[in-house]
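Single-structure report; data block below.
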Amino acid sequence: MLARGFKPRVTLDKTDPGYREVMGNFLPVVLLVAVFQANVMIDNIIAAIFIPGDGPVTYLNMGTSVYQLPWSIFSLALGTAALPALSELWARNRKEEFTSTLLTALRMTIFLAVPCTVGIMLLSEDIVRLLYGAGKFLENDGEPIRRTASVVMFSSLGLVFFSLNSVLARALYAMKDMKT
């Protein structure tokens, strides 16, 4: 950039419409991140207090990582890929094409998320054993594997909805509706 003569400079011109738009969208996003982090913290507190035995917070966090893997590979990627097209269609006021593109992305998400959910539910113990089945996870007749697999199985029940949320959130971003 510098070799081509571009010199970056920071300005905080509060009269700039772009600045006002970014700042107007900033608070809802910060609140969303705060609520998500509070949710994770509350989940950990509930696990630590109400689930007997050693390691419930570890099982919860490791199990969550397993079911989030297909979500991040398929649904998050689909939502991210759809965002530019949805943004362009909304900006050009092509509502029918926007709806069609959104519905296609949602169908693709369901097409990928439902088999992942079923597979994870049926194979949760085997998946956990494959990913974590060494060392301490083999103690007590594999109890850590079973407990983590329970987290994976029950968490995967929400995978389809979590996946749809990823695409729908991007659609709202495309519509510049950060509050919803």
Side-chain angles (χ1 to χ4, degrees), residues 29 32-87 89 97-175 177-178 180:
V29 172
L32 173 69
V33 171
V35 167
F36 178 78
Q37 292 303 318
N39 186 38
V40 170
M41 184 179 69
I42 291 168
D43 288 348
N44 288 336
I45 290 170
I46 290 171
I49 293 173
F50 294 109
I51 299 176
D54 293 333
V57 174
T58 301
Y59 303 143
L60 177 66
N61 290 329
M62 294 180 91
T64 300
S65 295
V66 172
Y67 95 86
Q68 283 183 344
L69 183 64
W71 169 76
S72 61
I73 291 173
F74 299 121
S75 306
L76 190 59
L78 260 168
T80 302
L83 179 60
L86 292 171
S87 296
L89 293 169
E97 290 176 68
F98 176 90
T99 303
S100 174
T101 302
L102 176 59
L103 290 174
T104 299
L106 291 172
R107 278 192 298 274
M108 290 173 73
T109 300
I110 291 170
F111 178 75
L112 294 169
V114 169
C116 285
T117 299
V118 172
I120 289 172
M121 289 180 72
L122 294 174
L123 301 171
S124 59
E125 194 166 321
D126 294 327
I127 293 169
V128 171
R129 186 176 290 110
L130 174 71
L131 296 174
Y132 301 125
K136 297 272 186 194
F137 262 77
L138 295 177
E139 290 181 359
N140 298 329
D141 252 358
E143 180 187 355
I145 290 174
R146 283 192 302 281
R147 291 181 75 183
T148 304
S150 294
V151 170
V152 171
M153 186 182 75
F154 288 112
S155 296
S156 68
L157 290 171
L159 183 59
V160 172
F161 305 103
F162 198 46
S163 297
L164 289 172
N165 183 53
S166 296
V167 175
L168 290 171
R170 293 333 181 267
L172 290 170
Y173 295 160
M175 297 166 63
D177 183 354
M178 302 306 266
T180 303

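Since we're looking at a predicted model, the values are computed, not measured. Start at 1 with the first residue, then count along the sequence.
When atom types are taken as modelled, the side chain of N61 and the backbone of V57 share a donor-acceptor pair closer than 3.5 angstrom.
Every residue was checked against the side-chain hydrogen bond (donor to acceptor under 3.5 Å, both in side chains) condition with T101, not counting sequence neighbours, and none meets it. Among residues two or more places apart in sequence or in another chain, the side chain to side chain contact (heavy atoms under 4.5 Å, CB included) test is passed with A171 by L86, F98, L102. Partners of D177 under the side-chain hydrogen bond (donor to acceptor under 3.5 Å, both in side chains) rule, at least two apart in sequence or in another chain, are T180. Legend: residues meeting side chain to side chain contact (heavy atoms under 4.5 Å, CB included) with T58, ordered by chain and number and at least two apart, are M62. Residues that satisfy the ring pair (Phe, Tyr, Trp, His ring centres under 6.0 Å) test with Y173, not counting sequence neighbours, are absent from this structure. Legend: residues meeting side chain to side chain contact (heavy atoms under 4.5 Å, CB included) with V40, ordered by chain and number and at least two apart, are F36, N44. For T99, the side chain to side chain contact (heavy atoms under 4.5 Å, CB included) partners are L103, not counting sequence neighbours. Taking E97 as the reference, R94 meet the side-chain hydrogen bond (donor to acceptor under 3.5 Å, both in side chains) condition, with sequence neighbours excluded.
For residues 147-156, the salt bridge (Lys or Arg N to Asp or Glu O under 4.0 Å) pairs, not counting sequence neighbours, are E143-R147. The side-chain hydrogen bond (donor to acceptor under 3.5 Å, both in side chains) analysis of residues 72-86, with sequence neighbours excluded, yields the pairs S75-S163. Applying the side-chain hydrogen bond (donor to acceptor under 3.5 Å, both in side chains) rule to pairs touching residues 121-132 yields E125-R129, D126-R129, sequence neighbours excluded.
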Side-chain donor-acceptor contacts of residues 109-121 below 3.5 Å, not counting sequence neighbours, with atom names and distances?
{"residue": "T109", "atom": "OG1", "partner": "A105", "partner atom": "O", "Å": "2.7"}
{"residue": "T117", "atom": "OG1", "partner": "A113", "partner atom": "O", "Å": "2.8"}

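The CZ atom of R170 sits 5.0 Å away from atom CG of L76, with the distance rounded to the nearest 0.5 Å. Once rounded to the nearest 0.5 Å, the distance linking CD1 of I42 with CD of Q37 reads 11.5 Å. The structure places CD1 of I127 at 14.0 Å from OH of Y67, a figure rounded to the nearest 0.5 Å. Expressed to the nearest 0.5 Å, how far OH of Y59 lies from OG1 of T64 amounts to 14.5 Å.
Between G63 and V151, the shortest heavy-atom distance links the atoms CA-CG1, 3.8 Å. Here the closest heavy-atom approach between residue S166 and residue W71 is recorded as OG-NE1, 2.6 Å.
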- Query: Would V128 and V152 satisfy side-chain contact (heavy atoms from CB on, under 4.5 Å), going step by step from the backbone distance to the final call?
  - Reply: CA-CA 8 Å; V128 171; V152 171; 3.8 Å; yes

